A.B. asks: 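Structure in structure tokens, see below.
What you are looking at is a predicted structure, and each value in this text was computed from that prediction instead of being measured. Worth knowing before you read on, the calculation uses all heavy atoms, side chains too, and leaves out hydrogens, waters and symmetry mates. To find a chain, count down the sequence lines: A is the first, B the second, and so on, and within it residues start at 1.
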There are 2 protein chains.
Amino acid sequence: MVKIDPNRLMGDLKRLRSFGATGPGVVRLSLSPVDLAAREWLAARMTEAGLDARIDGVGTVFGRSRNSGPALLIGSHTDTQPTGGWLDGAMGVMYGLEIARALAENDATRHLAVDVASWIDEEGTFSGLLGSRSFVGDAVDESIRGATNRQGERLEDVLKAAGLAGRPRARFEAGRQVAYLEPHIEQGGRLEAIGKSIGVVTTIVGLREARLRFTGQRNHAGTTPMAIRRDAGAALVAFIARMNDAFKQLADADTVWTVGRINLDPGSMSVVPGAADMYLQFRDANTARLQAMDQRLAELVRDFNVQNAAQNAVSVELQTIDEPIEPVSMDATLAEHIARAAEALAPGQWLRMPSGAAHDAQVIARCMPACMMFVPSIGGVSHDFIEDTAEEHIVLGCQVAATAAASMLLEASAKRS
Amino acid sequence: MVKIDPNRLMGDLKRLRSFGATGPGVVRLSLSPVDLAAREWLAARMTEAGLDARIDGVGTVFGRSRNSGPALLIGSHTDTQPTGGWLDGAMGVMYGLEIARALAENDATRHLAVDVASWIDEEGTFSGLLGSRSFVGDAVDESIRGATNRQGERLEDVLKAAGLAGRPRARFEAGRQVAYLEPHIEQGGRLEAIGKSIGVVTTIVGLREARLRFTGQRNHAGTTPMAIRRDAGAALVAFIARMNDAFKQLADADTVWTVGRINLDPGSMSVVPGAADMYLQFRDANTARLQAMDQRLAELVRDFNVQNAAQNAVSVELQTIDEPIEPVSMDATLAEHIARAAEALAPGQWLRMPSGAAHDAQVIARCMPACMMFVPSIGGVSHDFIEDTAEEHIVLGCQVAATAAASMLLEASAKRS
């Protein structure tokens, strides 16, 4: 059986962490100097592992196996959030590197091809999921042209300054890459809460984002009796209560919805709010449920306006913010390889679950079968300096991924021959 | 009977409006160049009316009658909000000036003393109600020392630059001024809603302000199941619903409460809020009811924390922002003079009502009997450029105030002799 080297894996993870280390966390924003240095290091480490490694025209580090296909592509991202954890993305890339090495060290698997990718800008410093979108053939030049980071630096300029502009971009090689595996930290608290070690991802949830704008009448908070107020803030609060009740009727245990932001205008203690905005996001693994929630939300808005028009009170307008993102199913056959490996290495310690977060895998799934696996996040925390995973889970996860990877590739080779 | 001159009144109001006119509204912030120019004009106009007029050491324009007492003091303010209406405060001062002239033109009342004041900074550009507080003998030097406007200009420097620092300050003259009358626009929509023309103020409401801070756990909005969230924003919304129910039980038709501002932290669509603040204000004319609301709010906070401690969920902390302001009763005898004048001039067209807004009268009431009267605000709007009052109401209000003023002074003179 393929054996990963826990010390080598942990050593590489810690070395990668040193690029941008900030307390227990990491600040390694896409294409920042420290991120570029980490990419150079990663490419060199891939080369040492026998891969043909390069940084491509958008910044993705791509290590191509020198073996002929069928190839398994293992990837994730090494960029971080502004206050990032050390494993978010990084762990999956280091798994890929370690698995490429481990397969090469085993007589039964040394002929197999593992390509490894660190997709640029998964976290959206400039343009989210840029590397994977470029890989699958999206017209990313449009995304690149308009993109700036929070400091206003233009992505085009940054790519030029880094010497990347004009380089070839890694692209999907049909006929070679037959499957994509993305190992990742869970970023939620479910595995920990029920004491499991491995999550086999069934679906990456779909997502809706909307702004609801309530319009009433700004007025003096002392002289305007409650009975004649048109308080946009009070209407917003009442609407959320109704929405919560309605969504609870439609939800299952995995459905989530969040009001992440509320603005009352003008935001003064002495003024009845004349306008109020709420920013709503909801996610679910089931397209039909998302559509039912879309529809229910539209009905709530319509009902609210009908009821309030009668009283000349507050009106509400629903504004969608981005295109809806539909759920993406992970490939069931690939998931079965992971499940078998998990059951062999940690019997009863794994479960199937959706991914509540977005990942490059949802993009890559557009050109080949894709799968994901999770290890537990301590306290369910991510996008925070204190994000962490127990070392035993990191090591176990890599061994499960390596075992599954070998099994996927052996099956693919058997099919092809 | 005393007769005011509508044309003279409206002419003066329009002339005063020209200082800082901005569209239909006025921007005349305390001690700004245009406000100082308006004060010079007002003092000159008082002098023409036979008053001994000066701008005092804090900026209050004080026109003292040359007649001996007992004197009626009529006042309000000529400074405005950053986006002020043309009548808020200004109307009451112009009423005072017109009433002083009207009484002097009538043989039966020419011996009566009307002092007129435009109190500085009622609106709190530097320090709210400064002029009236100085007049009643508050230690305002402390307020002055720390006070700056939004541009960071220090009040001390502004008073010096205007040549006012060191001038004597107008002070209450016990034995002379026996009553205070402040006519004002309603700033609410009640008179208009029921088709009345004059409000006789019974009480200036008391006020409480508090911040409620909810503390939960910031988390990923996609990967954190609803069941294990500690969503501070959702807790805030649920709390407001309970508070609304509880306050409705305690309220009468005049009780008001307002959540004017809500902040969710970090305020991102993809993050479950880990903290949430709401800013609450409530007002009522009845001290016992305010205290009952204080107590109910504290109970709601305690109950909320007890319930949530059990679930290790969200906690809430109640922080008071300013000292409580207690309701101030207007003098019933003075109010009766206004009511009689209103009934004589506009039978059935007036009502008794509380003032939901703060006014200089609540300060002046500390040294002498005080009263207020309102005229309707169109659409209930104030603190906005479009604030307005029908000319017929402006004129009627001044005639009612003049009639009441004469009646108050004649009664006071009769008592003294």
A.B. asks: Name the region of A:I262, side chain, backbone, both or neither, that has any atom closer than 4.5 Å to a heavy atom of chain B.
C.D. replies: both
A.B. asks: Going by side-chain contact (heavy atoms from CB on, under 4.5 Å), B:M269 matches just one of A:L207, A:L280, A:V259, A:I321. Which one?
C.D. replies: A:I321
A.B. asks: Contact part of A:A227 toward chain B, heavy-atom cut-off under 4.5 Å: side chain, backbone, both or neither?
C.D. replies: neither
A.B. asks: Tell me, side chain or backbone of A:N219 under 4.5 Å from chain B's heavy atoms, or both, or neither?
C.D. replies: side chain
A.B. asks: Go through the atoms of B:V256 and report whether side chain, backbone, both or neither lie under 4.5 Å from a heavy atom of chain A.
C.D. replies: both
A.B. asks: Where does A:P225 contact chain B at under 4.5 Å (heavy atoms): side chain, backbone, both or neither?
C.D. replies: both
A.B. asks: Mind listing the side-chain donor-acceptor pairs of residues 191-200 of chain A below 3.5 Å, one per line with the distance, residues two or more places apart or on another chain?
C.D. replies:
residue, atom, partner, partner atom, Å
A:E192, OE1, A:G379, N, 3.0
A:E192, OE2, A:G379, N, 2.8
A:K196, NZ, A:G348, O, 2.8

A.B. asks: Is it the side chain or the backbone of A:V237 that comes within 4.5 Å of chain B heavy atoms, both, or neither?
C.D. replies: both
A.B. asks: Hey, what do you get for CD1 (A:I240) to CG (B:L236), rounding to the nearest 0.5 Å?
C.D. replies: 8.5 Å
A.B. asks: Out of B:M226, B:H383, B:M353, B:R261, return the one with the most heavy atom pairs under 4.5 angstrom to chain A.
C.D. replies: B:M226
A.B. asks: Looking at B:Q217, B:E186, B:E209, which one has more heavy-atom pairs under 4.5 Å with chain A than the rest?
C.D. replies: B:E209
A.B. asks: Is a side-chain donor or acceptor of A:T224 paired with a backbone partner of B:G188 at a separation under 3.5 angstrom?
C.D. replies: no
A.B. asks: Do A:R229 and B:T258 have side-chain atoms, one donor and one acceptor, less than 3.5 Å apart?
C.D. replies: yes
A.B. asks: Considering non-hydrogen atoms only, spot the tightest contact between A:S382 and B:H220 and give its length.
C.D. replies: OG-CD2, 4.0 Å
A.B. asks: Does atom CD of A:Q319 have more than 12 heavy-atom neighbours, drawn from other residues, nucleotides or ligands, at distances under 6.0 Å?
C.D. replies: yes
A.B. asks: Given the rule in the side chain to side chain donor-acceptor pair (under 3.5 Å) test, do B:Q281 and A:S270 qualify, once you have shown the distances and angles that lead to the verdict?
C.D. replies: CA-CA 7 Å; B:Q281 184 189 80; A:S270 294; 3.1 Å; yes
